[in-house]
**Student:** 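Quick one: this structure, given as structure tokens, is what I'll be asking you about.
Because only heavy atoms are used, hydrogens play no part in the values below, and waters and symmetry mates are left out as well, while side chains stay in. In this text, all values refer to a predicted model and were calculated from it rather than measured experimentally. Each chain gets a letter, A, B and so on, in the order the sequences are listed, and its residues count up from 1.
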Amino acid sequence: MAKYNHKEIEPKWRKNWDESGIYKTGEGKDKPKYYILDMFPYPSGAGLHVGHPKGYIATDVYGRMRMMQGYNVLHPMGWDAFGLPAENFALANKVHPRIATEKNIATFKKQLAQLGFTYDWEREINTTDPEFYKWTQWIFLEMFKRGLAYESREPINWCPSCKTGLANEDLENGRCERCGSVVEKKPMRQWVLKITAYAERMLDDLEKLPDWEESIKEMQKNWIGKSEGASIKFPVILSAAERNEESREETGSFADAQDDVSIKVFTTRPDTLFGATYMVLAPEHELIKNYELRIKNYGEVKKYAEDAKKKSEIDRADVQKEKTGVELKGVKAINPVNNEEIPVFVADYVLAGYGTGAIMAVPGHDERDFEFAKKYGLAIREVVKAEKKNDGECFSGEGVSVNSGFLDGLTTPEAKKKMIFWLEEKGIGKKSVSYKIKDWVFSRQRYWGEPFPLAYCEHCKNAVDDFIATSKIDLGKIRSFASSADAGSAQDDRERGGFTLGELLNPGWIGVDELPVTLPEVEHYEPTGTGESPLANIVEWVNTKCPKCGGAAKRETNTMPQWAGSSWYYLRFEDPKNDQALVNKEKEKYWSPVDFYVGGAEHATRHLIYARFWHKFLYDIGAVSYDEPFTRLQHVGLILAEDGRKMSKRWNNVINPDEIVEKYGADAMRVYEMFMGPFSQPVAWNTNGLIGARKFLERVWKLKSKVQKSESQKSRSQKLDNLLHKTIKKVGEDIESFKFNTAISQMMILVNEMTAADGLSKEQYQALLKILAPFAPHLCEELWTEVRSEKELESIFNEEWPKYDPELIKDEIIELVIQVNGKVRDMISVDAEVSEEEAKKIALESENVKKWTKGKRAEKIVYVKGKLVSIVVKD
RNA sequence: GGUCCAGUGGUGGAACUGGUAUACACGAGAGACUUAAAAUCUCUUGAGGGCAACCUCAUGUGGGUUCGACUCCCACCUGGACCACCA
């Protein structure tokens with residue numbers, strides 16, 4: 001018999017599959033559909049290491065099983081090729097990003113191809129293809145028109161090394177997720193997407209996703225970070241000394257102004273309002289620059305605020321460091337619940353980006369305020385009585401209100417409710433919700449990304465202003481209107497006199513409807529570092545005609561972030577060549593949503609948040625007909641290097657799949673990666689383990705000759721059938737629940753039994769091949785053609801997935817376990833149908849059991865059908 | 001600091017809904033084949049005691065519930081992931 005030679009078998013079958021087109025996606029409506037998807041990779045220059053394909057192998061195994069179960073399976077692959085990694089690689093290697101990307105894609109494709117995946121390459125997509133990003137731009141434009149994209153000049157995260165602004169999601173502990181540089185805060189003109197408008201729905205709809213892993217949902221919940229509480233207004237006045245001075249000098253005007261001045265705060269603990277003894281503003285707070293004349297120590301305050309703003313996020317967010325701040329001399333705030341005058345500080349422990357950028361400080365019941373108050377000698381008042389309280393510590397839990405007027409005696413939840421009611425009645429506060437998630441900073445100052453389909457027109461800017469002036473539309477109202485997700489229907493647009501909501505919010509910016517707006521060729525695509533994208537240098541591209549008035553206009557020169565294309569790419573696989581619409585509604589009804597999505601957990605708060613946001617928006621505008629994109633979600637556990645560290649060039653511990661395939665074969669690698677451990681858990685690579693997988697396949701190979709010998713004898717053991725059918729059952733169920741490691745160990749048990757058995761029938765062997773085929777497709781296809789008969793199909797993947805016979809998996813004889821006082825004392829083989837009476841009788845008659853029951857009385861006998869008898873004895 | 005997850009042999013790990021703990025694989029040891037090695041095959045392999053039947057102990061630690069706990073409850077220890085001055 002020929003030896004198992006993967007080098008011969010594997011290329012042969014891959015060629016055969018390519019030519020026969022067996023993996024072309026079928027669309028016959030007579031079959032049910034199954035859409036299984038991997039998170040598509042960005043093709044970096046380093047190529048694949050053995051860890052990358054783990055998820056792809058899993059989806060391939062699952063998809064192949066579904067094929068054999070009679071489904072049309074859509075299992076596509078594409079490339080997330082825009083973005084910083086591709087561009088940085090191109091810069092380092094002095095080639096155009098497009099060329100580098102093409103080359104990298106070719107490498108990736110070659111590497112993936114040799115693993116024998118079922119990808120239908122006719123559906124390949126690439127986010128950098130103008131025919132693809134045309135629709136990325138289209139989605140942006142739809143958001144822009146509805147006021148969900150807006151221009152902002154807020155300070156944002158700036159990576160000094162990548163020379164671009166970054167979204168909150170792109171940071172890791174205050175560092176750039178890509179290059180590890182400490183991120184600075186820099187005020188810059190940015191396009192921002194109003195993801196916060198969808199925060200509530202994204203949170204609520206997690207309930208609709210029972211087949212998502214709990215851990216991923218939890219991460220999203222934390223990222224969205226909903227807090228419920230109240231917003232409260234604290235009036236601001238001049239301090240007593242200043243008031244006297246004012247009236248002496250008769251400057252007179254502050255009396256009018258003070259009515260309007262107030263500090264708005266958000267708190268989750270309105271029940272502690274009586275304990276608010278000072279206030280703190282974030283260094284970025286508007287009041288500071290607006291009240292220069294009123295703040296007596298303005299120089300000092302300004303210096304503190306400026307210094308704080310300059311600090312990197314990482315320094316500012318250091319929890320360990322001592323809190324600092326400066327009092328705003330000359331002004332006071334009034335605690336509205338007791339009319340006390342309280343001091344106002346600026347301090348960098350208050351964040352501009354959360355809540356209102358100002359807090360009421362309750363040092364009695366907030367650790368941070370407590371620390372600050374001790375340092376600056378501020379009043380600390382107990383307003384919540386703790387059940388247990390440690391001296392000298394601050395109690396931030398729930399209890400009963402004290403020293404709190406009308407709240408006294410109420411528990412914290414009651415007090416919160418009552419305070420909110422009181423605030424609303426007086427009109428100085430209201431129930432309020434705050435989210436941690438921030439709007440999505442959507443522009444990058446780099447070359448290799450989708451251009452924005454926007455032009456800036458001075459004329460239309462004035463026209464918009466005129467329009468607002470004549471129609472008396474309050475821009476503030478429009479802004480709050482835009483926060484609701486359903487803002488901006490086509491009808492609204494008409495009523496606004498031809499201006500879209502986006503244009504009203506971003507005067508002068510006009511959407512370019514002629515798509516795609518293609519990325520121009522440039523001489524120098526290095527980032528400028530000035531906050532301008534390299535595109536700004538291409539005069540002939542920048543200068544354009546205003547799509548609205550036809551006059552001179554300038555294009556937006558920032559580009560979109562890498563996350564743009566990946567936020568909707570899964571829709572494109574349904575109909576990748578459609579140039580009329582983002583999705584073909586007919587096809588969409590068949591394929592979508594994605595039934596099963598597999599990828600890394602690191603995307604829980606990035607890609608998966610963005611994709612859900614875009615999808616919900618597309619649902620709202622009627623572009624898709626369902627509101628969650630991914631029905632089932634499973635995360636892949638990393639494959640670590642043999643030394644237990646992440647595989648990385650830096651540690652020189654990377655294992656290249658090409659070498660493994662060459663030496664042991666793709667099938668051995670596939671089986672090993674699925675066998676290593678629980679799918680979602682990180683496991684270290686171990687080449688010895690791989691050899692074990694290879695040996696297993698060799699045993700399967702050798703069984704072939706046993707079948708041929710057995711054929712005439714017609715020997716078919718009952719025992720083997722029993723195990724075979726149990727294995728069919730377990731493998732099917734385990735693949736279904738992504739427990740590949742136990743599926744494989746069960747097949748190993750079966751193969752060991754088959755090897756040891758007296759005879760092996762062809763049917764038994766064929767059933768084994770069918771359930772192993774998704775894991776080791778080349779080997780099983782080869783063996784299948786050798787043992788199949790004329791009437792059987794040419795490819796094993798056209799065969800039906802075997803069904804187990806419930807009769808055959810029943811055990812006739814079982815091992816009855818007998819326990820005495822909880823300890824196993826005997827095991828007796830009995831008929832599976834044994835009655836309770838009889839089982840108990842057999843148990844009590846056992847010699848081993850008698851040793852333990854002798855001279856004692858049986859107090860209780862527990863019987864578990866088909867399993868055990870538990871005897872409880874007492875002296 | 002918050003949220004979540006995990007802790008089982010020398011190693012990766014298995015154990016359904018509370019019912020034989022350590023399946024399967026790796027590694028190690030012994031043997032067969034071989035001039036020899038590799039490959040392959042067979043046996044042993046949680047710890048301790050015993051010639052053996054068998055007994056005792058063992059799923060991070062300590063308690064609890066139960067006839068019975070890796071599994072459920074409480075407290076603690078250790079490790080990991082994500083978030084983090086989020087008011």
**Student:** What's A:R694 touching, base or sugar-phosphate or nothing? Going by heavy atoms closer than 4.0 Å.
**Tutor:** nothing
**Student:** Relative to each other, are the rings of A:W440 and A:Y610 parallel, tilted or perpendicular (30° and 60° limits)?
**Tutor:** parallel
**Student:** May I have the distance from A:E214 (atom CD) to B:A6 (atom P), rounded to whole angstrom?
**Tutor:** 12 Å
**Student:** With RNA chain B as reference, determine whether A:V683 or A:N821 sits nearer its 5' end, using the nearest nucleotide of each.
**Tutor:** A:V683
**Student:** If you check the A:S215 side chain, which of B:U40, B:C4, B:C86 turns out closest?
**Tutor:** B:C4
**Student:** Report the distance from atom CD of A:E847 to atom C1' of B:C55, rounded to the nearest whole Å.
**Tutor:** 18 Å
**Student:** Please report, to 0.1 Å, the donor-acceptor pairs under 3.5 Å made by any side chain of residues 818-827 of chain A, with sequence neighbours excluded.
**Tutor:**
residue : atom : partner : partner atom : Å
A:N821  : OD1  : A:V873  : N            : 2.9
A:D826  : OD2  : A:S846  : OG           : 2.6

**Student:** Check the distance between B:C83's C1' and A:K438's NZ and give it to me in whole angstrom.
**Tutor:** 12 Å
**Student:** Side chain of A:Y349 only, heavy atoms from C-beta on: which candidate in B:C85, B:A25, B:C67 is closest?
**Tutor:** B:C85
**Student:** Name the orientation class of the two ring planes belonging to A:Y4 and A:H6 (parallel below 30°, tilted from 30 to 60°, perpendicular beyond 60°).
**Tutor:** perpendicular
**Student:** With a 3.5 Å cut-off and heavy atoms only, can you find an N or O donor on one side and an acceptor on the other between the side chain of A:K323 and the base of B:C85?
**Tutor:** yes
**Student:** If I take atom NZ in residue A:K217 and atom C1' in nucleotide B:C83, what distance separates them, rounded to the nearest angstrom?
**Tutor:** 19 Å
**Student:** So what does A:S227 touch, heavy atoms closer than 4.0 Å: a base, only the sugar-phosphate, or nothing?
**Tutor:** sugar-phosphate
**Student:** Atom CG of A:L690 and atom P of B:G27: how far apart are they, to the nearest Å?
**Tutor:** 11 Å
**Student:** Name the closest nucleotide to the A:R368 side chain, picking from B:U20, B:A87, B:C16.
**Tutor:** B:A87
**Student:** What's A:Y435 touching, base or sugar-phosphate or nothing? Going by heavy atoms closer than 4.0 Å.
**Tutor:** nothing
**Student:** Would you find more than 12 non-hydrogen atoms of other residues, nucleotides or ligands less than 6.0 Å from A:K726 atom NZ?
**Tutor:** yes
**Student:** Would you mind classifying the nucleic acid contact of A:E602 as base, sugar-phosphate or nothing, using non-hydrogen atoms under 4.0 angstrom?
**Tutor:** nothing
**Student:** Measure the distance from CD on A:E367 to P on B:C86 and round it to the nearest whole Å.
**Tutor:** 10 Å
**Student:** Please determine whether the number of non-hydrogen atoms from other residues, nucleotides or ligands lying under 6.0 Å from atom NZ of A:K226 exceeds 12.
**Tutor:** yes
**Student:** Where the side chain of A:P678 is defined as all heavy atoms beyond and including C-beta, which of B:A87, B:G19, B:G13 is the nearest nucleotide?
**Tutor:** B:G13
**Student:** Report the nucleotide, chosen from B:A14, B:C67, B:U3, that has the shortest atom-to-atom distance to any side-chain atom of A:K860.
**Tutor:** B:C67
**Student:** To the nearest angstrom, how far is A:E698 atom CD from B:A25 atom C1'?
**Tutor:** 15 Å
**Student:** Just the rounded figure in Å: distance from C1' of B:G1 to CD of A:E371.
**Tutor:** 12 Å
